[in-house]
Amino acid sequence: MTLLRDNPITLTVDLEQEGVQHGFMKLPHSHDASAWGSLMIPITVAKNSTGPTVLLTGGNHGDEYEGPLALFDLANQISGLDINGRVIIVPAMNLPAFRAAKRTSPLDGGNLNRLFPGKPDGTVTEKIADYFQRTLLPMADYVLDFHSGGQTLDFVPFCAAHVLENKSQQDQCVAAMRAFNAPYSIMLLEVDAVGMFDTAAEEMGKVFISTELGGGGAPQPQHVAVAKRGIVNLLKHVHVLEGEPDKTPTINLDMPDGRCYVSSESDGLFEPCVELGMRVKKGQTVARVFDPTRTGTRPVVYESPLDGIFIARHFPGLVKMGDIICVVAVEV
Ligand SMILES: [Zn+2]
């Protein structure tokens, strides 16, 4: 067995130092335009006293902006907050993807949220994953990773936890999700959890929550507001900030099985037939897909697989075969 190499990323901040520091995760990246250059991934660390460590991340996918907006804003505000503990803020985890406004990295095609645990001697994206896996995740007690629909999906604003084998860990994740207090709270069934940051954190025993807050690759003010409020609520829940989290009513959702996801079985022109957040009945038409190459053909009709709430849809007007076109979750 060969020992893992050290990760090439160095920090320009000291994670153990008291006070607020803004700096970079510096990843050497040699390329045509910069022989000895580095990727400079922004990081803020704020530490005071002995409370827990909270890791707040966004930009895991580069075309999802709602969480990053809240996190860049928090980094500016945090010196004015009276914290007890350590808050580590990385608003743009996959910086090359974020700068390119793409889900995946333009450098290596890497989808960061499918490449955990990463590799210290792998691609750029694998090196970023490895740094979170072996350096930042182990020091965190609580992890909040922001997602939203990006360019291809749109979601009702929800905070999510997962069903876990360890039920006391699951209970803590659910409590954190409820404290975040998004308009919707969901026990999220992932399409494929292998390689996700979520899975890496959960397997390490961390209290982990994530979000989906709108989408379409264009942030809406109400979704950014949910992200900002949710951060403060979580920090209060874990006593890094004083006070009680908001207790605005949330709609609790569950996803019993894979039927919740409806995929398109053809390429074509996508007609969503219900609005996000609407209650739907099993068998109700939720979408139609037209063949754009000819007139006089009937659209393919997609029905709701369950009684529930229409929580997500394909965003662009054209779909490809295999795309998720809608997601229905069950109200509990
Ligand atoms: Zn995402």
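For ligands, and for the atoms within them, numbers begin at 1 and follow the listed sequence. Not measured: the values here are computed from a predicted model.
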message: So, with waters excluded, how many protein N/O/S atoms does the Zn ion (ligand 1) have closer than 2.8 Å?
response: 4
- request: Measure the shortest side-chain to side-chain distance between Ile41 and Met93 over non-hydrogen atoms and say whether it is less than 4.5 angstrom.
  value: no
query: Can you check whether Met321 reaches Ser264 side chain to side chain, under 4.5 Å on heavy atoms?
result: no
- request: Mind jotting down which residue pairs meet the side-chain hydrogen bond (donor to acceptor under 3.5 Å, both in side chains) criterion with at least one end in residues 197-226? Sequence neighbours excluded, please.
  value: His162-Glu202
query: What are the two closest heavy atoms between Ala287 and Phe270, and how far apart are they?
result: CB-CE1, 3.6 Å
- prompt: Which atoms form the tightest heavy-atom contact between Val319 and Ser266, and what is the distance?
  reply: CG2-O, 4.0 Å
query: Atom CG in Leu306, atom CG in Asp257: separation rounded to 0.5 Å?
result: 6.5 Å
